[in-house]
Trainee: 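One structure, pasted below without further comment.
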Amino acid sequence: MAGQTGPRAADRTLEVLELVAGSPSPVPAKALARSLGCALSTAYALLAPLTERGYLVRTDGGYALGYQVSALHRAFQRQMGLTDGIDDLLARMRQATRACANYVAYQGDGLVIADVRTAAADGDQRPELTVGVDPRSHAYAHGKIALAAAGPAARRRYLEQPGLHRFTPRTIASADRLDEELRRIRRTGVALDVEEARTGLACLAAPVLGADGAVIGSVSLAVRPEDLRARRHQLIAAVKQAAREASPAHPS
């Protein structure tokens with residue numbers, strides 16, 4: 001690849017993969033070259049190894065994701081403990097509580113959402129769950145679980161960027177108040193948010209522990225605030241039990 005070697009070439013190759021992944025339909029090589037700001041010959045040079053290795057496939061309409069991406073995803077799910085058992089657990093949890101049930105997997109320092117699973121029905125209250133660094137971590141119950149488990153350096157980075165933004169009048173926007181809340185979560189093993197991330201939404205979450213005892217994710221329920229007030233003890237018991245069952249160390 002003329003003029004591109006080492007890290008730069010790897011970076012451009014990943015750009016190609018991300019562009020194809022972000023498109024709803026196959027992407028022609030000319031369109032990729034325009035998006036990358038490179039010559040068509042350079043685009044083909046970037047596409048060639050991805051196609052040969054099965055990460056992309058060439059179709060009549062352009063390039064689409066290939067079979068190796070599916071293999072990577074399955075390997076990722078195995079590493080994160082996201083087995084079919086998680087989906088079954090959430091379905092049972094949703095049926096028993098009549099609430100939206102969610103599993104959030106953490107990665108890195110715990111403040112990156114790696115994957116999300118949800119069991120919900122029409123009309124259920126649902127939190128906004130997206131992969132990546134969530135700027136609402138301090139406002140959502142599942143995010144508070146991650147912050148409570150993270151080390152001091154990771155929490156400090158979060159306070160600096162993205163910071164304690166206020167999303168509703170109930171959002172905790174004080175570092176001192178947040179520290180107090182996180183201490184309570186570590187003591188009780190459950191996190192709550194009542195209209196802190198979104199008006200009309202209440203969530204509660206409990207940590208999922210890995211085989212080494214580290215927090216690897218959380219199980220949460222999303223309900224209306226009045227529903228949480230009416231069924232608080234039942235919902236807390238349900239989310240704690242589900243989190244224990246979701247633990248890889250839990251006996252099957």
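These numbers come from the heavy atoms of this one structure, side chains and all, not from hydrogens, waters or symmetry mates.
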Trainee: Answer with yes or no whether the side chains of Arg244 and Gln241 bring together a donor and an acceptor at under 3.5 Å.
Mentor: yes

Trainee: Partners of Gln68 by side-chain contact (heavy atoms from CB on, under 4.5 Å), sequence neighbours excluded?
Mentor: Tyr55, Ala71

Trainee: Do you know which two heavy atoms are closest between Glu245 and Leu89, and how far apart they sit?
Mentor: OE1-CD1, 3.4 Å

Trainee: Counting N and O atoms only, with roles assigned by atom type, does the side chain of Thr171 sit under 3.5 Å from a partner on the main chain of Ala173, one being a donor and the other an acceptor?
Mentor: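 The answer is no, because no donor-acceptor pair under 3.5 Å joins these two groups.
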
Trainee: Any chance you could lay out the side-chain contact (heavy atoms from CB on, under 4.5 Å) test for Tyr63 and Leu19, step after step, and finish with the verdict?
Mentor: CA-CA 10 Å; Tyr63 289 84; Leu19 285 167; over 6 Å; no

Trainee: Nearest 0.5 angstrom please: Leu159 CG to Asp179 CG, how far?
Mentor: 7.0 Å

Trainee: Are any of the side-chain nitrogens in Glu180 or Arg183 under 4.0 Å away from the carboxylate oxygens of its partner?
Mentor: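 Not counted as a salt bridge, because no side-chain N and carboxylate O are separated by less than 4.0 Å.
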
Trainee: For this output row, return yes or no: ring centroids of His142 and Tyr106 closer than 6.0 angstrom.
Mentor: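 No, ring centres 6.0 Å or more apart.
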
Trainee: Any salt bridge linking Arg12 with Glu15? Criterion: basic side-chain nitrogen under 4.0 Å from a carboxylate oxygen.
Mentor: yes

Trainee: Hey, which of Lys144, Arg170, Arg177 is the one that makes salt bridge (charged side-chain N to carboxylate O under 4.0 Å, His left out) with Glu196?
Mentor: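 The salt bridge (charged side-chain N to carboxylate O under 4.0 Å, His left out) with Glu196 is passed solely by Lys144 among Lys144, Arg170, Arg177.
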
Trainee: Answer yes or no: is there a side-chain heavy-atom contact under 4.5 Å between Leu147 and Leu111?
Mentor: yes

Trainee: Taking NZ, NE, NH1 and NH2 as the nitrogens, is one of them in Arg98 or Asp227 under 4.0 Å from a carboxylate oxygen of the other?
Mentor: no

Trainee: Check whether any side-chain heavy atom of Ile145 sits under 4.5 Å from a side-chain heavy atom of Ile185, and report yes or no.
Mentor: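 The answer is yes; the side chains approach within 4.5 Å.
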
Trainee: What's the separation between atom CG in Leu47 and atom CG in Leu40, rounded to the nearest 0.5 Å?
Mentor: 9.0 Å

